[in-house]
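All heavy atoms count here, side chains included; hydrogens, waters and symmetry mates do not. Along the sequence shown, residues carry numbers from 1. Every number for a ligand or one of its atoms is a count from 1 in the order of the listing.
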Amino acid sequence: MHQIIRKKEMAKGTIVQFDVRAPQIAKKAKPGQFVIVRLTETGERIPLTIADLDSFEGYITLIFQVVGKTTAIMRTLNEGDAIKDLVGPLGKPADIQKLGTVIMVGGGTGVAILYHIAKAFKAAGNTVISIIGARDKDLLILEDEMRTISDELVITTDDGGYGQLGFVTEPLQRYLDERYDIKEVYAIGPIPMMKFVCKLTKKYNVPTMVSLNPVMIDGTGMCGGCRVNVGNETKFCCVDGPDFNGHEVDFDELTKRNSMYLKEEKDALLFSIRG
Ligand code: NAD
Ligand code: FES
């Protein structure tokens, strides 16, 4: 059992942060890796990226968006409650190197995954330019944390109520037009965002990494549920990823696969609400 030692609600309660006691995982995990969470003996297994950790205090930070039955139940847990199983760290760590100037692009909940990676790029001696976006100010997360580890931070909102009006791709295009020293772009957010970031960076020939979130079941390469098409090869996101060269990812196939179980997920959520 893993005790929740802190809980914070963000983005109008649609995104929740837990600091969860997990000393063994906190000791080993690297930026980009994830855990599989199971709330009860018979519960669904959901992958959540480790958003941060404190190996000294022995906890990991998980940030999740309330999107289905399991995350709706998770949201009702409080400090002192426990999560039955946490398996991890899983997946390959992000490839963090000293490259020079890098741009970190995060959209919506994706900023939670991006933060740990951006922090590591900064610690490795890179100049970190971050662009984070959300639909509106209330849905923007981790602004202060991203500011602390970024040399420059640009904020966008779709409604223009805070930061610059528009999508994250607009300031990204400006940077790519104005600067010739961008060594890599890391983009994490909804699939359309990552797809359009990659289209853009491909034109400028700037290497781009993305973090994918297909359906996952076992998280260990056994079930094939998380297969994605990268460079015309089938990869298993849980063991070969979750981070991949964005210029090689078939985002349209990922979108199709991710929508395969939408009806079942909606039904499960409705059933859990109605009892
Ligand atoms: P959202 O739809 O609110 O978008 C967040 C930001 O992404 C927008 O403000 C915009 O700046 C950018 N964006 C969105 N569509 C874009 C486009 N077509 N072109 C350029 N930029 C675009 O995001 P959300 O509500 O946080 O997430 C939506 C879905 O994505 C959810 O289902 C979530 O599970 C999934 N998601 C996946 C990951 C991941 O692991 N890669 C991360 C975050 C969210
Ligand atoms: Fe089963 Fe990746 S989740 S193979």
Report task. Going by the side-chain contact (heavy atoms from CB on, under 4.5 Å) test, name the single residue among I63, L114, I132, D52 that passes it with L142. Result -> I63
Query raised in the report: Relative to atom 1 (Fe) of ligand 2, which of the N, O or S atoms in D218 is the closest?
Result: OD1
Compare [options] and give the one whose heavy atom is closest to [atom].
{"atom": "atom 19 (N) of ligand 1", "options": "F64, F167, F34", "result": "F167"}
{"atom": "atom 4 (O) of ligand 1", "options": "P47, P190, A187", "result": "P190"}
{"atom": "atom 15 (N) of ligand 1", "options": "K195, M193, K199", "result": "M193"}

Just to confirm my output: which protein heavy-atom neighbour is closest to [atom], and how far is it?
{"atom": "atom 9 (O) of ligand 1", "result": "D158 OD1, 2.7 Å"}
{"atom": "atom 6 (C) of ligand 1", "result": "G107 CA, 3.7 Å"}
{"atom": "atom 25 (O) of ligand 1", "result": "R135 NH2, 2.7 Å"}
{"atom": "atom 34 (O) of ligand 1", "result": "Q65 OE1, 3.8 Å"}
{"atom": "atom 11 (O) of ligand 1", "result": "V168 N, 3.1 Å"}
{"atom": "atom 41 (N) of ligand 1", "result": "S211 O, 2.8 Å"}
{"atom": "atom 4 (S) of ligand 2", "result": "G224 N, 3.1 Å"}
{"atom": "atom 38 (C) of ligand 1", "result": "G189 O, 3.4 Å"}
{"atom": "atom 35 (C) of ligand 1", "result": "N213 ND2, 3.9 Å"}

Query raised in the report: For ligand 2, which atoms, with element, lie under 4.0 Å from some heavy atom of G219?
Result: 1 (Fe), 3 (S)
**Report entry** Which of the ligand 2 atoms, numbered from 1, are nearer than 4.0 Å to a heavy atom of M216
**Finding:** 3 (S)
Query raised in the report: Does the ring of Y162 carry K137 above it, NZ/CZ under 6.0 angstrom from centre and within 45° of its axis?
Result: yes
Query raised in the report: Can the positive tip of R6 be found less than 6.0 Å from the middle of the six-membered ring of Y59, inside 45° of the ring normal?
Result: yes
Requested in this report: May I ask you to check whether C238 brings an N, O or S atom to under 2.8 Å from atom 2 (Fe) of ligand 2?
Outcome: yes
Report task. Would you check if atom 2 (Fe) of ligand 2 lies under 2.8 Å from any N, O or S atom of C226? Result -> yes
Report summary line: Here the atoms of ligand 1 under 4.0 Å from any heavy atom belonging to G108 are 5 (C), 6 (C), 26 (O)
Query - Proximal atoms of ligand 1 relative to T169 (non-hydrogen, under 4.0 Å) - result: 20 (C)
Query raised in the report: Where on I217 is there a heavy atom closer than 4.0 Å to ligand 2, on the side chain, on the backbone, on both, or on neither?
Result: backbone
Report task. With heavy atoms under 4.0 Å as the rule, classify the contact between M222 and ligand 2 as side chain, backbone, both or neither. Result -> backbone
Query - Any N or O of F196 closer than 3.5 Å to N or O of ligand 1 - result: no
Query raised in the report: Under a heavy-atom criterion of less than 4.0 Å, does V67 contact ligand 1?
Result: no
